[in-house]
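Each ligand, and each atom within it, is numbered from 1 in the order the structure gives.
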Amino acid sequence: MKVLLCSMILIQSVLLQAEDGHNLWLGAKSTSPVKVICSKKSATIDIAREELLKGWMGKAEASVVLTVKPDKSIKGDGFKLSLTGVQASNDLGILYGVYELLRRQQTGVSIKEETINPSYERRMLDHWDNLNGTIERGYAGYSIFWRHGIDSLSVNDKERTLWREYARANASVGINGAVLNNVNASQLMLTTECLERVKAIAEVLRPYGIKTYLSIKFSSPMLIGGLKTADPLDPEVIKWWKKKIEEIYKLIPDFGGFLVKANSEGQPGPQDYGRTHADGANMFADAVKPFGGIVMWRAFVYTASDEDRAKQAYSEFVPLDGKFRDNVIIQVKNGPIDFQPREPFSPLFGAMKKTSVMPELQITQEYLGQSIHLVFLASMWEEFLQSDTYQEGPGSTVARCTDGSVLPQKHTAIAGVSNIGHDANWCGHPFAQANWYAFGRLAWNNKLTSEQIADEWIKLTFYQYSSGNAGHADFSKDWVENFLNPVKKMMLGSREAAVNYMMPLGLHHIFSANEHYGPGPWWAPARVRKDWTPPYYHKADTLGIGFDRTLTGSNYVSQYHAPLNSQFADLETCPEIYLLWFHHLPWDYKMKNGRTLWDDICYHYEIGLQQVREFQKTWDKTEPYVDKERFTIVQSKLRTQCINAQVWKDGCLLYFQQFSMKPIPSDLERPVNNLKDIMESDMKRR
Ligand code: BDP
């Protein structure tokens with residue numbers, strides 16, 4: 001019996017097709033024919049039809065009716081699903097409805113009559129792609145949009161195919177906008193040559209409902225326009241931008257608008273001329289308004305001042321509430337510092353009543369192990385979106401404060417910094433694809449749980465569909481128990497594991513140097529701005545550790561609405577996950593579980609490491625169910641992740657131990673690296 005089982009498993013794994021991951025979650029191939037009935041013709045409807053033929057898992061020879069007809073219950077590009085087909089107010093709604101129908105068939109969810117509308121009007125991917133083809137914080141190869149700068153702008157068919165595949169993947173999860181270049185923008189982006197290429201990209205993306213947007217450099221009128229100033233109130237500057245914007249819309253009539261990083265990390269901006277962020281944003285807003293464009297103005301601003309960095313965006317933007325045009329949206333990172341493994345939500349969410357605000361998430365894992373660590377980010381985004389801001393009393397979650405449910409917003413949007421590059425599997429790590437998928441799904445429906453998203457993604461990505469005809473895919477008990485469930489558990493635990501082995505209990509930004517990969521709580525060269533070095537954030541000394549952001553410290557807590565401000569300030573009620581974010585505490589502070597703070601820190605690092613060991617075991621057991629290529633890549637990446645988690649644990653504990661002067665609890669595994677060696681190899685890397 002055992003032999004038989006083994007050989008069956010062997011046959012199964014031999015039969016699993018090699019997968020380089022390029023198909024993402026779209027690998028299902030239909031085995032049953034379907035009739036598609038639609039009286040309308042358009043490029044988008046053609047795609048919807050093609051998708052149905054490719055992915056249909058329902059009854060053979062069934063008919064699907066696609067109806068473009070407005071209905072009061074359907075909003076924007078939402079749709080109505082029914083047993084007979086899809087109804088929508090526009091072609092794009094039909095396409096989204098078709099993807100939803102196929103997703104349900106392919107994940108075994110029954111189809112019933114239901115109207116489904118998106119949470120946000122604009123669901124954006126921000127690409128931090130440079131014109132020379134590199135990607136800031138990209139870990140999956142070169143840009144798919146840009147090659148070698150301004151000298152290499154011609155478009156070829158291979159690129160068009162890649163852009164089409166990209167557009168299809170985005171549309172399948174509801175993403176409808178793409179910012180094609182880095183927020184640290186080059187002025188050359190606005191030259192006619194580059195804009196011609198943007199036009200070519202836009203043409204490929206358009207039938208999939210994806211609008212193109214650009215990041216711009218505020219000083220472009222000086223750098224490429226020959227003007228002496230970029231003052232947003234200067235008539236010549238205004239004229240220059242208007243002309244440029246007309247040129248853009250002539251080439252790309254449905255151009256979405258601009259993303260602007262101004263007066264942030266050395267970028268030019270309106271404050272260089274004594275103007276406010278509102279003055280700057282409104283100048284662009286007025287110029288794009290006649291064309292229906294929007295301006296996404298980033299709130300990621302901070303200077304090397306004495307004010308706690310976490311407070312600065314709020315201090316800057318809240319006084320400007322009501323001063324922005326209605327086609328400006330303030331784009332705010334989920335946390336007040338910078339995409340850390342865990343931060344409380346930025347207090348700017350729920351702070352402004354007359355200004356549209358959109359969340360910016362980071363899909364690329366700059367601070368979460370890049371394309372080496374397996375970290376499923378949906379858990380983090382769910383925690384963020386469901387955080388209560390108390391803006392208008394309880395239930396004012398970040399999700400509801402940004403999608404127009406709490407206070408009306410003229411435009412609503414959400415952005416994710418893309419993790420896509422030229423790698424065959426797009427994202428570097430096979431499981432990083434899940435983060436792209438999850439971002440799209442949450443942008444469409446900000447109430448989805450990370451559990452549901454993981455469930456869908458695993459099925460769509462790893463299940464080898466064989467027989468259709470049953471109305472939907474039926475997953476064998478064996479596959480569910482031995483693959484789906486354990487892999488889902490691993491994904492859902494992966495973010496907390498990373499927090500544990502990197503920076504538990506509210507610690508943050510203790511990365512080494514600028515690469516943001518390994519530990520570096522010690523990293524503080526004299527030449528570097530204090531607020532860019534870890535000691536600024538952990539403040540470890542012989543007395544204790546943590547950043548006092550209460551009234552006795554920076555008073556950042558006061559930026560939150562009641563009752564959060566007092567909850568965070570009070571040690572009795574401050575959630576322990578944020579403890580050292582808000583408080584500087586003695587090493588022997590008593591935690592709720594009775595341990596001292598020092599011991600508890602040690603346990604967290606150890607638990608994080610052990611979690612990764614478990615992931616390794618989980619993954620190894622999945623071998624019979626995964627193709628060799630992906631199995632081996634994930635296995636090898638998990639090994640590296642484990643080695644790195646050990647370095648995080650040893651490096652942080654041995655470093656902090658110099659201050660705590662306490663032993664690592666005797667029941668925990670001993671460090672296997674010396675601090676000196678870790679620090680030396682860290683230094684050697686730069
Ligand atoms: C930080 C990145 C940096 C970005 C910056 C931003 O380290 O590369 O330019 O954010 O968002 O996370 O502007």
Under 4.0 Å from any heavy atom of [X], which atoms of ligand 1 are there?
X	answer
His516	7 (O)
Glu366	1 (C), 2 (C), 7 (O), 12 (O)
Phe300	5 (C), 6 (C), 10 (O), 11 (O), 13 (O)
Trp128	4 (C), 6 (C), 10 (O), 11 (O)
Asp338	1 (C), 10 (O), 12 (O)

* Asked: Which pair of heavy atoms, one from Phe376 and one from Arg495, lies closest together, and at what distance?
  -> O-CB, 3.7 Å
* Asked: Looking at Phe582, does the NZ or CZ of Arg549 lie under 6.0 angstrom from its six-membered ring centre and within 45 degrees of the ring axis?
  -> no
* Asked: If you measure only the distance, is there a donor-acceptor pair under 3.5 Å linking the side chains of His373 and Asn644?
  -> yes
* **Minimum side-chain heavy-atom gap Ile329-Gln331 below 4.5 Å** => no
* Asked: Could an N or O of ligand 1 be found under 3.5 Å from any N or O of Glu136, whether backbone or side chain?
  ->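 In this structure, Glu136 places an N or O atom under 3.5 Å from an N or O of ligand 1.
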* May I ask you to decide whether Asp548 forms a salt bridge with Lys539, counting only side-chain N to carboxylate O separations under 4.0 Å? =>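 Not counted as a salt bridge, because no side-chain N and carboxylate O are separated by less than 4.0 Å.
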* To do: Could you tell me whether Lys353 and Asp321 make a salt bridge, using a distance below 4.0 angstrom between a side-chain N and a carboxylate O?
  => no
* Structure fact -> Note: Asn184, heavy atoms under 4.0 Å from ligand 1, region reported as side chain
